[in-house]
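The next block holds one structure in the form of structure tokens; read it before the comments.
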Amino acid sequence: MASISLTFPDGNAREYDAGITAAAVAESISKSLAKKAISATVNGEHWDLQWPINENATIALHTMQDDVQANELVRHDLAHIMARAVQEIWPDTKVTIGPVIKNGWYYDFDRKESFTPEDLITIEKKMKEIINKRDAVRTEVWERDVAIKYYEDRGEPYKVELIEGIPGDEPLRMYWHGEWQDLCRGPHLQHTGQVPGDGFKLMSIAGAYWRGDSDREMLQRIYGVAFTGKEKLKAHLNMLEEAAKRDHRKLGREMDLFHMQEEAPGQVFWHPNGWRIYTELQDYMRRRQRAGGYVEVNTPQVVNRQLWEKSGHWESYQENMFIVEVDEDHAREKTVNALKPMNCPCHVQVFNQGMKSYRDLPLRMAEFGSCNRYEPSGALHGIMRVRGFTQDDGHIFCTEEQIETETKIFIEFLSEIYAELGFTNWAIKLSTRPEKRIGSDAIWDQLETSLGNACKAAGYEYDIQEGEGAFYGPKLEFVLTDAIGRDWQCGTLQVDSNMPERLDASYVGQDGNKHQPFMLHRATLGSFERFIGILIEEHAGKLPFWLAPRQVVVASIISDADDYVHEVVAALNASGVRAEADVRNEKINYKVREHSVGKVPVILAVGAREVEERTVTVRRLGEKQTSVQALDDVKAALAVESTPPDLR
RNA sequence: GCUGUAGUAGCUCAGUGGUAGAGCGCGUCAUUGGUAAUGACGAGGUCGGGAGUUCAAUCCUCCCCUACAGCACCA
């Protein structure tokens, strides 16, 4: 038998017979390692202990202490164990796929009856039984026709389809968890008993389309979370509970920022507090954009269908548009209009007025543009995904040569703003050419490269989203994360030559001829609605002082201090701080609690002593300690703090 | 849009085939208190909308709306 050389992480190499398994390698090192080993990394890939190694390789053995590998195995085995449990309880259930995801796994089933929340408890119980059986996990490599026949006989059409989709040269691995078996790439643990029975929890049931295709069957998906132990699971569940407290919908109510109601689904009723944040943010963005060389415009809400026909929206975006038909009885003439779902066609109209020269480019045009889109009902989510929203939109009209530089400038512009708003964790995604597209591959090559280069030049890494670009050009997405880890695209930059062409935008070049400009659709915050939602969750309601809707409450301890309270409030307001008086006949404890719950960053308490000494007692949100300070000092400090970062 | 769950007072929720209840909040009164809930009393809901079954529906059935979770969508 041929021999192979395996190199360990410490650099030492040892000779083994070809075909040796990682389990045997562990055995060769020590009994205890053999007992503890769960998997191996072979040549950088996560391997099952039972797979034969036939070539020279690097190898690292893993135990339950290696979180990354252990979690993957535990979650993956649980997916199988859950599927087995479900089929043991309801044998008529068909299985499909069950991958590992962040914090856990899911498995999609096809079954006539719906799973109920109570079923989850039953399934969990069955899973624990399976774990306690400590059934061996075995792999077998099957021939395609055998595997297909097997699944056809068992009435598992989804598995048959899966196998048919696997390239012919890939080995088909069958994993057995006891008597139950599933098609699976692996790797897995050695027996079901290795899965910590108290480290997982079934979380929810949801619908999901087979193969992610809305034209195909709707399956039932069961989600679970799993960790290598009880404590880690507990920590995770705890984190979820804490995250729920940061939900912008909950905080929006508690801080009295906004509400939504049935009569206007997907639209926001901003309350004074919320609108404060909104306008403060908008003022900030307006200054920022002016400094960034943008001209601000404003364009109509209701626009005749003719423009949408020209822009192409009427044909390809109509189902997402609010159509406004003017009734003949009440109007001089009947027209069909649409609420604008986007600002770009209108911006081209502004660009098209008068002759433009190459000297006018790049032309950066911005608008706080209100848009209305008839989003699918199931897509709506608080103020993060709505039907009526305002983008901090902008379009940069430029030449092809200017694209890369303009993109870089924009990324720098955006990153400074995100930093000033308190975001450190955000990502860039580069979406590349989709299947259905216009333009030559040469152009796509160039544009994709330009966007990538611009990111690098600005000092940022990016992930590629293959095929996710718009049909007319590649795009960058700037992604932020909400309280429970869901990603939201906020900023964006998209390259477009299609819109200028359709709407006849042109400029006179150096050569005296007409040329067509490129258009960069870009937004920094994305929409005020979504961004404020993210902002609330990111800061758990404790917004930076300058953005806080209510900055200071001056609370009296005794009513004899009321006059002084009003004096303090007036002094603060005069220096640009948002202060309000609380002279209600309530105890200071009560007032402190209420305003703390309302996330007011600073409470100034005032009693006999403060009146006497012309001081205030300062209490910062989240701090237990208070400090007595001179009114004038506090006033000066808060005035600085309430100044937006770009004006300091 | 699809699958599932839910909708009772401003909020969080309990409850029942015989026209509803708690806590908080709100109002009034008393209390002037030193940093996360002072006490007493009071007001407040045709139980998401519509139809049906029934002597009788908030409760059972059907349709619709909205929200939530996930999927699909996201120029």
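Not measured: the values here are computed from a predicted model. Naming: A, B, ... by sequence-line order, numbering from 1 per chain. Scope of the values below: all heavy atoms of this structure, side chains included, with no hydrogens, waters or symmetry mates.
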Any side-chain donor-acceptor pair under 3.5 Å between A/Gln446 and A/Glu400?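 Yes, A/Glu400 and A/Gln446 have a side-chain donor paired with an acceptor closer than 3.5 Å.
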Counting side-chain heavy atoms from C-beta on, which of [options] comes nearest to [X]?
X	options	answer
A/Glu262	B/G33, B/C74, B/U66	B/U66
A/Tyr209	B/A72, B/A37, B/C74	B/A72
A/Arg249	B/C68, B/U35, B/G1	B/C68
A/Arg221	B/G70, B/U35, B/U38	B/G70
A/Arg486	B/U32, B/G70, B/A37	B/G70
A/Ala206	B/A36, B/G34, B/A69	B/A69
A/Tyr590	B/A72, B/U35, B/C26	B/C26
A/Pro376	B/U35, B/G1, B/A69	B/G1
A/Ser114	B/G25, B/G48, B/U3	B/U3
A/Glu586	B/A36, B/U38, B/A72	B/U38

Looking at every strand, decide which applies to [X] at a 4.0 Å heavy-atom threshold: base, sugar-phosphate, or nothing.
X	value
A/Tyr106	nothing
A/Arg253	sugar-phosphate
A/Ala608	base
A/Gly312	base
A/Gly382	sugar-phosphate
A/Leu380	sugar-phosphate

Parallel, tilted or perpendicular: which describes the rings of [X] and [Y], with under 30° parallel and over 60° perpendicular?
X	Y	value
A/Tyr158	A/Trp210	perpendicular
A/Phe258	A/Trp270	perpendicular
A/His395	A/His347	perpendicular

At under 4.0 Å, does any side-chain N or O of [X] touch on OP1 or OP2 of [N]?
X	N	result
A/Arg211	B/A72	no
A/Ser214	B/G1	no
A/Lys624	B/A36	yes
A/His381	B/A69	yes

Check whether NZ of the Lys or CZ of the Arg A/Arg75 lies under 6.0 Å from the centre of the six-membered ring of A/Phe227 and within 45 degrees of that ring's axis.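 Satisfied, under 6.0 Å and within 45°.
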Is the NZ or CZ atom of A/Arg437 both under 6.0 Å from the centre of the six-membered ring of A/Phe471 and within 45° of that ring's axis?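 Geometry flag: not set, cation outside 6.0 Å or 45°.
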Checking base pairs now: Watson-Crick or wobble, both atom distances under 3.5 Å. What partners [N]?
N	value
B/U66	B/A6
B/A40	B/U28
B/C59	none

Integer angstrom distance from the [atom1] of [N] to that of [M]:
N	M	atom1	result
B/A37	B/C26	C1'	15 Å
B/G15	B/C63	P	26 Å
B/G27	B/G10	C1'	14 Å

Is there a donor N/O on one and an acceptor N/O on the other, under 3.5 Å, for the side chain of A/Arg216 and the base of B/C71?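 Side chain to base: no pair present.
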